[in-house]
Amino acid sequence: MAKIRFVLSRSAGRGRAHRLVDAIRRVYPNATHTRVGSSREAAGDVTISMTYGPADVAQLAREWREWHGADGVVYVAGGDGSVSETASALAGSECAFGVIPMGSGNDFARGLYNGDVGERAALALVAGTVAPQVRPIDLLQVNDVTCVNVFSLGYDTRILRNAMRVGRAVPFAGSLAYPIAVVGAVGMRKRDFVRVLGTDVGGEKLRIEQDVTVCAVGNGRFYGGGYQPLPEAKIDDGVADFLYSEPVGLMGFAAVIGKYRGGSHVGDRRVHMRRVRSLVIEGERELLWNVDGQIHESSRIAIHVLPGAVRLALPTPDRS
């Protein structure tokens with residue numbers, strides 16, 4: 001059996017951590033409880049580790065990687081930020097990571113589990129951690145940040161910033177924070193001028209210089225609490241899906257956003273999609289962008305696909 005660390009974010013899941021601990025103890029009755037800095041001996045073969053500080057997720061993953069290598073699996077129970085931190089800490093190693101969706105958006109997990117990221121489904125995954133399917137998946141390098149799911153810039157990142165404010169002000173909003181933020185962002189600027197340089201997977205040179213409302217690059221299908229900017233993206237095909245939309249006004253945005261939610265915007269004349277391995281995006285001023293829900297700002301963004309850079313452990317479903 002693999003050496004397993006369950007990393008539980010105290011801030012994710014609106015207090016559901018204790019129910020997850022109970023589920024883990026039912027499957028692994030001898031599981032220990034450890035935190036950052038505990039010894040390898042104290043952890044044993046299966047351990048439950050709560051986070052107490054902002055750097056704990058990555059540090060707990062690094063410890064397990066160093067102790068167990070290819071025999072190790074780190075299951076992170078949290079949201080997309082915690083998933084991204086775990087994948088980044090394990091990139092380039094043989095130690096695998098898995099996901100138990102216990103955050104607010106759970107967008108990377110939506111792609112893994114066919115959209116089923118409710119608490120009951122999350123708890124049921126624990127039994128499947130005994131014999132997971134393990135395979136390599138891709139990451140994106142975005143400047144000096146590692147991305148496991150989706151990079152985006154433009155109007156949607158301004159909406160995301162609003163959603164984060166909604167989440168802090170109304171903690172029980174959960175995945176509704178993003179739709180609430182969409183309504184609140186009606187009056188915001190809806191375009192950014194960008195220059196995009198790159199080559200698509202067919203070898204065609206890309207040179208785009210124009211205003212855009214949204215620009216996204218990713219391996220995953222979902223973001224923003226269930227929106228699907230890249231409905232055909234795959235996490236293990238060695239390429240990234242790239243989307244940019246022509247600038248739209250308020251009425252145009254209202255027409256597109258419903259399609260964007262369900263992933264039916266593909267084919268809309270205002271939306272352009274390509275498959276790429278690398279891109280450089282530049283702005284005439286600082287651009288607001290995000291990686292897996294974490295917001296950044298710069299005038300130049302270099303994006304590269306890292307094929308098979310990390311190992312994913314997918315719990316097998318309980319057939320009983």
Side-chain angles (χ1 to χ4, degrees), residues 138-147 149-162 182 185-221 223-224 227-233 237-260 263-307:
D138 307 331
L139 296 175
L140 299 180
Q141 188 69 38
V142 184
N143 286 356
D144 59 351
V145 181
T146 303
C147 172
N149 192 43
V150 175
F151 154 91
S152 71
L153 68 81
Y155 187 50
D156 64 333
T157 302
R158 287 188 278 278
I159 292 173
L160 173 63
R161 185 167 56 180
N162 261 14
V182 169
V186 166
M188 287 185 175
R189 176 166 54 90
K190 298 177 178 62
R191 60 179 63 199
D192 290 276
F193 179 82
V194 297
R195 180 181 299 106
V196 181
L197 301 174
T199 305
D200 70 13
V201 294
E204 183 178 346
K205 297 289 185 182
L206 300 179
R207 185 178 181 89
I208 301 160
E209 296 186 49
Q210 68 171 74
D211 286 336
V212 299
T213 294
V214 175
C215 182
V217 183
N219 295 317
R221 293 162 46 202
Y223 80 155
Y227 285 76
Q228 297 187 63
L230 308 168
E232 298 176 2
D237 60 358
V239 300
D241 284 34
F242 165 51
L243 169 150
Y244 70 95
S245 71
E246 296 176 9
V248 294
L250 178 59
M251 296 305 294
F253 178 75
V256 170
I257 194 66
K259 295 180 179 180
Y260 205 54
S264 61
H265 57 282
V266 177
D268 188 296
R269 60 179 178 78
R270 294 161 292 192
V271 178
H272 306 272
M273 305 187 73
R274 307 288 280 272
R275 309 185 79 210
V276 300
R277 290 191 173 87
S278 65
L279 286 175
V280 174
I281 303 172
E282 298 177 336
E284 293 183 323
R285 55 185 172 184
E286 296 287 284
L287 297 167
L288 193 69
W289 50 278
N290 82 88
V291 164
D292 297 336
Q294 304 300 307
I295 293 178
H296 305 267
E297 197 167 6
S298 66
S299 60
R300 184 179 188 275
I301 306 122
I303 303 172
H304 303 276
V305 180
L306 306 176

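These numbers come from the heavy atoms of this one structure, side chains and all, not from hydrogens, waters or symmetry mates. Everything quoted here is computed from the prediction, not taken from an experiment.
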Asker: If you define the side chain from C-beta out and look only at heavy atoms, does anything of Val305 sit under 4.5 Å from Leu140?
Answerer: yes
Asker: For residues Asn143 and Ile301, report the shortest heavy-atom separation together with the two atoms involved.
Answerer: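 Nearest pair, atom of Asn143 first, then Ile301: OD1-CA, 3.4 Å.
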Asker: Taking side chain as C-beta onward, heavy atoms only, is Asp292 less than 4.5 Å from Tyr223?
Answerer: no
Asker: Please list all pairs passing the ring-ring contact (aromatic ring centres under 6.0 Å, His included) test where one or both residues lie in residues 195-215, with sequence neighbours left out.
Answerer: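 Sorted pair list comes back empty.
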Asker: Start with the C-alpha gap between His304 and Leu279, add the side-chain angles, then the distance that decides, and say whether side-chain contact (heavy atoms from CB on, under 4.5 Å) holds.
Answerer: CA-CA 7 Å; His304 303 276; Leu279 286 175; over 6 Å; no
Asker: As a quick check of understanding, evaluate side-chain contact (heavy atoms from CB on, under 4.5 Å) for Val266 and Met273, giving each step before the final call.
Answerer: CA-CA 8 Å; Val266 177; Met273 305 187 73; 3.6 Å; yes
Asker: Name all residues meeting the ring pair (Phe, Tyr, Trp, His ring centres under 6.0 Å) criterion together with His272; count only those two or more places apart in sequence or in a different chain, and write none if there are none.
Answerer: Tyr244
Asker: Any side-chain heavy atom of Gln141 sitting closer than 4.5 Å to one from Thr146?
Answerer: yes
Asker: Taking atom CD of Glu297 and atom CG of Asn290, what is their separation to the nearest 0.5 Å?
Answerer: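 Rounded to the nearest 0.5 Å, the CD-CG separation comes out at 12.5 Å.
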Asker: Under a 4.5 Å cut-off applied to non-hydrogen side-chain atoms, are Asn219 and Asn149 in contact?
Answerer: no
Asker: Nearest 0.5 Å please: distance from the OG1 atom of Thr199 over to the NZ atom of Lys205.
Answerer: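 So the gap between those two atoms works out to 3.5 Å.
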Asker: Between Asp138 and Gly238, which heavy-atom pair has the shortest distance, and what is it?
Answerer: OD2-N, 2.6 Å
Asker: Taking the side chain as C-beta and beyond, is there a heavy-atom pair between His265 and Pro231 under 4.5 Å?
Answerer: yes
Asker: How about Val196 and Val280: do any of their side-chain heavy atoms sit closer than 4.5 Å?
Answerer: no
Asker: With a 3.5 Å distance limit and no angle check, can you tell me whether Thr213 reaches the backbone of Tyr155 through a side-chain donor-acceptor pair?
Answerer: no
Asker: Looking only at non-hydrogen atoms, find the nearest pair between Cys215 and Val212 and report the distance.
Answerer: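 Shortest heavy-atom separation between Cys215 and Val212 comes out as CB-CG2, 4.4 Å.
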Asker: Look up atom CG in Asp268 and atom CD in Glu246, then write down how far apart they are to the nearest 0.5 Å.
Answerer: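 Between atom CG of Asp268 and atom CD of Glu246 there are 9.0 Å.
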Asker: For a quick test of reading the model, state the closest non-hydrogen atom pair linking Val145 to Val291 and the distance between them.
Answerer: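 Taking Val145 first and Val291 second, the nearest heavy atoms are CG1-CG1, 3.9 Å.
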Asker: Show, in sequence, the C-alpha distance, side-chain angles and deciding distance for Arg221 and Glu232, and conclude whether the side-chain contact (heavy atoms from CB on, under 4.5 Å) test is met.
Answerer: CA-CA 7 Å; Arg221 293 162 46 202; Glu232 298 176 2; over 6 Å; no
Asker: Stepwise, does the side-chain contact (heavy atoms from CB on, under 4.5 Å) test hold for Glu286 with Ser299?
Answerer: CA-CA 4 Å; Glu286 296 287 284; Ser299 60; 3.6 Å; yes
Asker: Tell me, please, which residues at least two apart from Ser298 pass side chain to side chain donor-acceptor pair (under 3.5 Å).
Answerer: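 In terms of side chain to side chain donor-acceptor pair (under 3.5 Å), with neighbours along the sequence ignored, Ser298 is linked to Trp289.
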Asker: If we only count heavy atoms from C-beta on, is the Arg195 to Gln210 side-chain gap below 4.5 Å?
Answerer: no
Asker: Can any side-chain N or O of Asp241 pair as donor or acceptor with the backbone N or O of Leu230 at less than 3.5 Å?
Answerer: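 Not at all, since once roles are kept as given, no pair shorter than 3.5 Å links the two residues.
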Asker: I want to check something: taking the side chain as every heavy atom from C-beta on, are Asp211 and Asp192 in contact at a cut-off of under 4.5 Å?
Answerer: no
Asker: Look up atom CD1 in Ile295 and atom OG1 in Thr157, then write down how far apart they are to the nearest 0.5 Å.
Answerer: 6.5 Å
Asker: Can you see which heavy atom on Leu287 is nearest to which on Phe193, and at what distance?
Answerer: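 Nearest heavy atoms, Leu287 then Phe193: CD2-O, 4.2 Å.
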